[in-house]
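Following: one structure in structure tokens, then a few remarks.
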Amino acid sequence: MGIIKNKNDLNKMRSACQDAAKILDFITSFVKPGVTTGYLDKLCKEYLTDELKVKSATVGYAPPGHSPFPGAICTSVNHQVCHGIPGNRILKNGDSLNIDVTIIKDEWYGDTSRMYHVGDQSIQSLRLSEIAYECMWKGIQKVKNYARLGDIGHAIQKHAEEAGFSVVREFCGHGIGKNFHENPQVLHYGKPNTGELLKTGMLITIEPMINAGKRGVKQLSDGWTIVTCDHSLSAQWEHTICVTDIGYEVLTVSSGTPKPPSFIDNQDIF
Ligand code: MF3
Ligand code: CO
Ligand code: CO
């Protein structure tokens with residue numbers, strides 16, 4: 001389990017997470033109609049290698065049953081939920097996509113993702129993305145010493161379902177630190193007052209995948225890309241967070257991160 005034991009480690013983790021967020025800032029202006037997802041990946045690879053001098057956690061990543069992932073970013077377009085492989089797909093006006101990046105700096109992992117909009121968007125796509133962003137923050141808002149994982153999951157599920165959307169169950173947030181994916185599993189659905197206790201110093205991600213239609217998903221034959229079964233749009237946002245005595249520290253906030261929703265009082269962010 002990723003847990004911070006001292007100030008020095010926390011500063012290293014902060015720095016890794018800041019660099020992950022900087023990659024998402026950097027790529028923003030390049031996301032436009034006519035570019036390929038592979039081009040975005042190439043730019044991110046160059047930026048993280050040459051400018052930030054950090055390592056990609058995803059290039060060559062091969063959990064059991066998977067071929068090595070080729071990209072430094074996952075690019076999941078429209079009804080793709082997550083783990084989209086960057087390639088020769090050309091982005092077109094109206095597409096929405098999630099870009100997810102994970103890097104390793106000085107042994108520590110930083111993991112974050114955002115939604116990007118290519119040109120003009122449908123009202124539905126903008127609303128889905130906004131609700132997914134709010135869902136992530138509803139989860140973050142629950143984080144503090146002695147809160148329980150079910151509190152996070154419940155807050156996310158409630159917000160998504162009240163909006164008429166659904167929560168993907170097959171993928172979850174995770175502990176992180178000196179490993180990419182650690183315990184605990186941070187489910188994006190659940191019941192209040194259930195599940196593992198959070199403790200100060202724990203490092204987790206919250207990364208809800210929210211579908212406009214039904215929650216069912218399946219994997220494409222490329223062995224990685226996850227899509228909605230009903231072809232409905234999907235949206236996801238991800239932050240890496242450190243649990244504190246009084247709340248949370250969101251480690252992957254940078255200048256390009258959208259402002260938290262209005263229900264997050266600045267006072268809440270520690
Ligand atoms: N970054 C993803 C996560 O949030 C995992 C991507 S694994 C990859 O956990 F191989 F698809 F890149
Ligand atoms: Co993650
Ligand atoms: Co991620």
Side-chain angles (χ1 to χ4, degrees), residues 1-2 13 16-25 27 37-38 40-42 44-45 48 54-77 80-87 97-105 108-116 132-133 135-136 139-140 143 149 152-153 156 167-188 202-210 217-227 234-242 250-254 257:
M1 176 193 308
M13 185 64 188
C17 287
Q18 283 300 300
D19 279 5
K22 276 184 206 160
I23 297 165
L24 297 184
D25 290 355
I27 203 62
T37 53
L40 298 176
D41 180 57
K42 175 179 171 285
C44 287
K45 274 188 180 125
L48 75 89
V54 299
K55 274 192 4 197
S56 165
T58 58
V59 174
Y61 179 62
H66 287 76
S67 52
F69 192 83
I73 53 175
C74 298
T75 50
S76 306
V77 185
Q80 297 178 347
V81 175
C82 61
H83 303 168
I85 302 175
L97 81 152
N98 175 276
I99 300 181
D100 190 341
V101 66
T102 312
I103 59 107
I104 312 164
K105 182 178 189 177
W108 293 85
Y109 284 69
D111 187 6
T112 184
S113 82
R114 292 181 199 158
M115 293 302 294
Y116 294 80
Y133 189 62
C135 282
M136 175 182 68
I140 293 172
V143 172
L149 285 173
I152 297 175
I156 293 168
V167 178
V168 172
R169 308 233 174 164
E170 287 80 358
F171 299 90
C172 56
H174 47 93
I176 187 169
K178 284 198 177 184
N179 295 292
F180 196 165
H181 295 109
E182 304 185 0
N183 285 327
Q185 291 198 357
V186 181
L187 303 183
H188 303 119
M202 275 175 68
L203 298 166
I204 57 168
T205 72
I206 297 184
E207 49 180 302
M209 284 139 269
I210 308 299
V217 299
K218 63 179 186 202
Q219 191 181 81
L220 296 186
S221 58
D222 66 15
W224 275 104
T225 310
I226 305 297
V227 298
S234 189
Q236 178 181 28
W237 295 81
E238 176 177 23
H239 271 316
T240 297
I241 295 140
C242 185
V250 182
L251 302 172
T252 40
V253 167
S254 64
T257 312

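Keep in mind the model is a prediction, meaning the values are calculated, not measured. In this chain, numbering begins with 1 at the start of the sequence shown. Order of appearance sets the numbers: ligands from 1, and atoms from 1 within every ligand.
Between His83 and ligand 1, no pair of N/O atoms sits closer than 3.5 Å. In terms of polar-atom proximity, defined here as any N/O pair under 3.5 Å, Trp224 makes no such contact with ligand 1.
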- request: Kindly indicate, with the supporting measurements, whether the criterion side-chain contact (heavy atoms from CB on, under 4.5 Å) is fulfilled by Val227 and Leu220.
  value: CA-CA 7 Å; Val227 298; Leu220 296 186; 3.8 Å; yes

- request: Show your working on side-chain contact (heavy atoms from CB on, under 4.5 Å) between Ile226 and Met209 and close with a plain yes or no.
  value: CA-CA 11 Å; Ile226 305 297; Met209 284 139 269; over 6 Å; no

message: Under the criterion side-chain contact (heavy atoms from CB on, under 4.5 Å), I'd like the reasoning laid out for Phe180 against Ile104: C-alpha separation, chi angles, the key distance, then a yes or no.
response: CA-CA 9 Å; Phe180 196 165; Ile104 312 164; over 6 Å; no

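Contacts with ligand 1 closer than 4.0 Å are made by no heavy atom of Thr205, backbone or side chain.
Looking only at heavy atoms of the protein, atom 5 (C) of ligand 1 is closest to Phe180 CZ, 3.7 Å. Protein heavy atom nearest atom 9 (O) of ligand 1, with residue, atom name and distance: His181 NE2, 2.7 Å. In terms of protein heavy atoms, atom 2 (C) of ligand 1 is closest to Asp100 OD2, 3.3 Å.
Short contacts between ligand 1 and Glu207, defined as distances under 4.0 Å to a heavy atom of the residue, involve ligand atoms 3 (C), 4 (O), 9 (O). Proximity to Glu238 (heavy-atom distance under 4.0 Å) selects the following atoms of ligand 1: 4 (O). Every atom of ligand 1 with a heavy atom of Thr58 under 4.0 Å away is listed here by number and element: 12 (F). Set against the non-hydrogen atoms of His174, the atoms of ligand 1 under 4.0 Å away are 3 (C), 4 (O), 9 (O). Every atom of ligand 1 is numbered from 1 in the order shown, and the set under 4.0 Å from a heavy atom of Thr102 is 1 (N). Every atom of ligand 1 with a heavy atom of Cys74 under 4.0 Å away is listed here by number and element: 6 (C), 8 (C), 11 (F), 12 (F).
Between Lys22 and Asp25, none of the side-chain N atoms (NZ, or NE/NH1/NH2) sits under 4.0 Å from a carboxylate O, so this pair counts as no salt bridge.
Only one option out of Val253, Thr205, Ile140 pairs with Ile241 in a side-chain contact (heavy atoms from CB on, under 4.5 Å); it is Ile140.
For the 3.5 Å distance criterion, the side chains of Glu207 and His188 fail to qualify, holding no donor opposite an acceptor.
Contact annotation: the side chain of Ile73 approaches that of Pro86 to within less than 4.5 Å [non-hydrogen atoms, C-beta and beyond].
Look at His66 and you'll find every heavy atom at least 4.0 Å from all atoms of ligand 1.
In this structure a side-chain-to-backbone donor-acceptor pair under 3.5 Å is present from Asp222 to Thr225. A donor-acceptor contact shorter than 3.5 Å links the side chain of Thr252 to the backbone of Thr240.
Aromatic ring centroids of Tyr61 and His181 lie under 6.0 Å apart.
Between the Co ion (ligand 3) and Glu238 there is an N/O/S contact shorter than 2.8 Å. Metal site remark for the Co ion (ligand 2): His174 contributes an N, O or S atom at a distance under 2.8 Å.
Looking at Glu207, its N, O or S atom nearest to the Co ion (ligand 2) turns out to be OE2. The minimum distance between the Co ion (ligand 2) and any N, O or S atom of Asp111 involves atom OD2.
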